[in-house]
Amino acid sequence: MEVLVQGNAARVLKAYGWVMLVIIILPVIMIVPISFGAGSAIVFPPKELSLEWYYNLVDDPRWGRDALLSLQVAGVATLLATVTGTAAAIGMSRIENKALSKFLKMFFIAPMIVPLMVISVGLYIVFARNGLLGSMWALAIAHAIVVLPFVVMPVMSRLASLDPAYERASASLGATQIRTLFEVILPLLVPAIIAAAIFSFVFSFDEVVLAQFLASPRFETLPRKVWDGLSQNGLDKTVTSIASVQLFMVLVAFAGWNIWKAARTGVLASRARALAAIAANTKNAPAVDLPANGSLPMNVALKSAPPVGTPAILPSAEAGPAKASEQHGYGIDFQHMSKFYGDKVVVEEANFSVKPGEFLTILGPSGSGKTTLLMLVAGFISPDAGRLMLGKRDISRVPPHQRDIGVVFQSYALFPHMTVAQNVAYPLRARGVSKAEQQAKVKWALERVHMQDFAERRIAQLSGGQQQRIALARAISFGPRALLMDEPLSALDRNLRVEMQREIRSLQQSLGQTVIFVTHDQEEALNMSDRVAVINEGRVQQVATPRDLYLKPQNSFVANFFGESNLFHGTADGNSLKCGDRDFPLSQANSDTAILCVRPETVRLAAPGQPAPEWAIEGTLTNARFLGSLLHMQFATTYGTLVVTRPLDGTIEIPEQGAVRRLFWAPETAHVMTH
Ligand SMILES: Nc1ncnc2c1ncn2[C@@H]1O[C@H](COP(=O)(O)OP(=O)(O)OP(=O)(O)O)[C@@H](O)[C@H]1O
């Protein structure tokens with residue numbers, strides 16, 4: 001940690017901290033020795049030790065009765081406030097109507113702003129009219145109302161800080177909303193809920209103003225009795241023994257909480273160990289030690305697979321050891337699909353197909369609609385027009401948990417409160433798969449990503465690369481009909497990224513899975529895809545193999561986005577393109593306004609005196625950069641800057657800055673586009 005304050009300033013701050021601590025804690029701690037002092041005088045430190053005030057506490061049954069009532073009131077108020085407040089916070093986080101959401105928030109937070117005295121008077125009138133004064137329930141409800149904001153606020157802020165991908169991941173894995181609530185959302189809210197419950201309990205147990213109005217002399221809480229005693233006769237020293245007992249109870253509760261936490265982790269660990277024992281029981285498969293970053297040693301062969309196309313049969317407990325090509329993907333058909341946000345079109349008339357078992361990458365600049373397209377397939381949003389077919393089924397309106405489509409999120413969205421094995425088993429549990437089958441499939445999926453030895457790890461104990469593998473294992477464990485990946489490698493460093501590209505591609509091929517992969521990195525698209533869909537401003541520009549995209553781009557956007565290009569705008573006339581004062585030759589006859597796309601590596605250079613066609617363009621070298629294996633040159637010409645690249649094989653002549661060359665190309669290497 002960086003030290004911001006050093007030397008004398010640090011010492012002064014430290015001393016200030018200690019003084020503040022002592023001022024805050026000392027009066028509280030002093031109560032304990034005072035409670036052991038003999039006689040009714042408040043003496044610190046006590047001159048004579050005695051347990052008389054503790055005997056007094058036990059001997060007088062009213063203290064015990066009042067304490068019990070306070071405990072009952074605090075218990076009921078805590079339960080009411082925690083349940084209602086948590087439900088309200090979750091409900092409000094789902095309301096899309098901003099005005100309504102704001103109003104409800106104000107409503108639930110109001111008890112914190114309105115003075116307690118006002119609330120007390122209001123409740124007194126209501127309870128008095130209904131004959132509820134002096135009832136434990138009335139006081140508990142009043143306390144619950146007052147502490148409600150202290151539950152709603154922390155739970156809402158915890159909800160706001162949760163990655164929304166958790167909920168989407170749960171749905172994509174087949175969980176209903178109820179399962180998602182109880183198995184994902186509530187466990188992730190536990191710290192906030194516990195904090196809120198403790199606060200509610202302490203507030204209610206200690207509360208005196210509402211108790212003054214709503215309890216009765218016959219039926220009074222502990223704080224009210226203490227208060228009454230104080231106002232009538234000065235401090236009854238029994239109060240010090242009560243306070244000491246309460247302090248002791250807080251310490252016991254704190255210790256109990258820590259012991260429970262440790263025990264809970266132990267239980268989870270032993271559960272995970274049981275799954276891991278099965279997962280690790282892969283005597284035939286050699287265990288792989290992964291480096292900490294999750295990359296795979298180069299000598300580890302990816303599991304070979306029979307050809308794609310056999311029907312999907314996931315390994316079952318009865319089926320024995322898993323075979324490698326157990327899944328096959330379905331085709332996905334986008335039929336004139338559009339999505340609007342307000343009046344802004346985000347996806348416009350998407351109309352293309354992904355073949356079964358194909359790896360298709362959606363490539364486009366930031367904000368072009370890639371994620372929206374993927375979310376439409378996953379079912380997290382619905383199209384405003386058009387249809388989406390998965391195989392022969394129209395899934396346009398099918399909820400995500402019924403689509404059987406696996407999703408790997410950019411943030412991985414692994415559930416942090418579950419172990420690796422529990423994460424991978426989650427979609428299987430959601431589908432009611434038997435325990436034995438769950439274990440077999442978890443083992444199978446973890447083997448596919450070489451993570452079988454990590455089954456009992458917590459997610460926080462994994463590196464980014466390892467988390468990536470687990471996210472993949474979780475998405476394939478239930479035999480999805482297609483797999484969607486939203487920039488899953490963007491958080492990894494370059495080397496690991498390249499390795500994961502190789503692995504994901506290899507896994508997809510061995511499984512025969514249909515994959516839609518989103519990226520804005522064209523190199524990644526080139527490395528992995530059977531075909532690439534280039535998208536810009538919500539419109540799919542071209543869907544083609546990487547080779548066709550490069551050699552035959554459909555328009556200038558694709559030509560520029562997928563690799564570099566030199567573009568010449570002109571009018572085609574037969575076998576030539578009129579552009580400025582030149583007629584560039586075309587390999588095919590054309591008769592329209594057209595754009596000629598010339599890739600940098602196809603441009604030839606002729607030094608003065610060397611032969612060149614008549615239409616060659618004269619250019620002056622303005623910039624030459626070494627890009628690893630490529631020399632990248634820029635020439636200033638009357639057509640603007642032209643880019644030329646050459647592989648650096650150690651033999652090429654590198655022109656000097658300012659050198660003049662004539663630039664030309666073979667007509668068959670240039671591509672004509674209409675726009
Ligand atoms: N919920 C929403 N409400 C309004 N506009 C939205 C919403 N979600 C996305 N958009 C807009 O839709 C457009 C496409 O967003 P999308 O996230 O699909 O782009 P992207 O290509 O995935 O971008 P990036 O690569 O930056 O993730 C953007 O202009 C974005 O601002």
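Counting convention: from 1, in listed order, for ligands and their atoms alike.
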Indicate yes or no: at least one non-hydrogen side-chain atom of Met451 is less than 4.5 angstrom from one of Val420. no
Number the atoms of ligand 1 from 1 as they appear, then name those within less than 4.0 Å of a heavy atom of Gly367, with their elements. 13 (C), 14 (C), 19 (O), 20 (P), 21 (O), 23 (O), 24 (P), 26 (O), 28 (C), 29 (O)
Will you find, in the side chains of Gln335 and Asp333, an N or O donor that is under 3.5 Å from an N or O acceptor? yes
If the plane angle is over 60° it's perpendicular, under 30° parallel, otherwise tilted; pick one for Phe150 and Phe199. tilted
With heavy atoms under 4.0 Å as the rule, classify the contact between Val346 and ligand 1 as side chain, backbone, both or neither. side chain
Going through the checks in order, is the salt bridge (Lys or Arg N to Asp or Glu O under 4.0 Å) test met by Glu523 and Arg497? CA-CA 11 Å; Glu523 197 183 318; Arg497 200 179 158 116; over 6 Å; no
Any N/O pair Ser368/ligand 1 closer than 3.5 Å: yes
Report the nearest protein non-hydrogen atom to atom 9 (C) of ligand 1: residue, atom name, distance rounded to 0.1 Å. Tyr341 CE1, 3.7 Å
Atom 17 (O) of ligand 1 [closest protein heavy-atom partner, distance rounded to 0.1 Å]: Thr371 CB, 3.7 Å
Among the heavy atoms of Gly342, does any lie under 4.0 Å from an atom of ligand 1? no
Please report which non-hydrogen protein atom sits nearest to atom 25 (O) of ligand 1, along with the residue it belongs to and the distance in Å to one decimal place. Lys370 NZ, 2.8 Å
Identify which of Val518, Ile362, Thr372 has a heavy atom lying nearest to atom 15 (O) of ligand 1. Thr372
Within 4.0 Å of some non-hydrogen atom of Pro365, the atoms of ligand 1 are 21 (O)
Should the ring pair Tyr426 and Phe415 be called parallel, tilted or perpendicular, given that the plane angle runs from 0 to 90° and is split at 30 and 60? perpendicular
Decide side-chain hydrogen bond (donor to acceptor under 3.5 Å, both in side chains) for Gln508 and Arg505; before the verdict, give the C-alpha distance in whole Å, the side-chain angles of both, and the deciding distance to 0.1 Å. CA-CA 5 Å; Gln508 177 265 338; Arg505 178 64 166 148; 2.7 Å; yes
Say whether Gly364 and ligand 1 are in contact under the criterion: heavy-atom distance to a ligand atom below 4.0 Å. no
Heavy-atom check, side chain of Leu388 versus side chain of Phe334, under 4.5 Å: yes
Just checking, any donor-acceptor pair under 3.5 angstrom between side chains of Ser170 and Glu183? no
Mark up the atoms of ligand 1 that fall under 4.0 Å of a heavy atom belonging to Glu487, in ascending order. 25 (O)
With Glu503, the side chain to side chain donor-acceptor pair (under 3.5 Å) member among Gln468, His450, Arg469: Arg469
Checking heavy atoms under 4.0 Å, the part of Lys344 that sits near ligand 1 is side chain
Which residue and heavy atom of the protein sit nearest atom 26 (O) of ligand 1, plus the separation: Ser366 OG, 2.6 Å
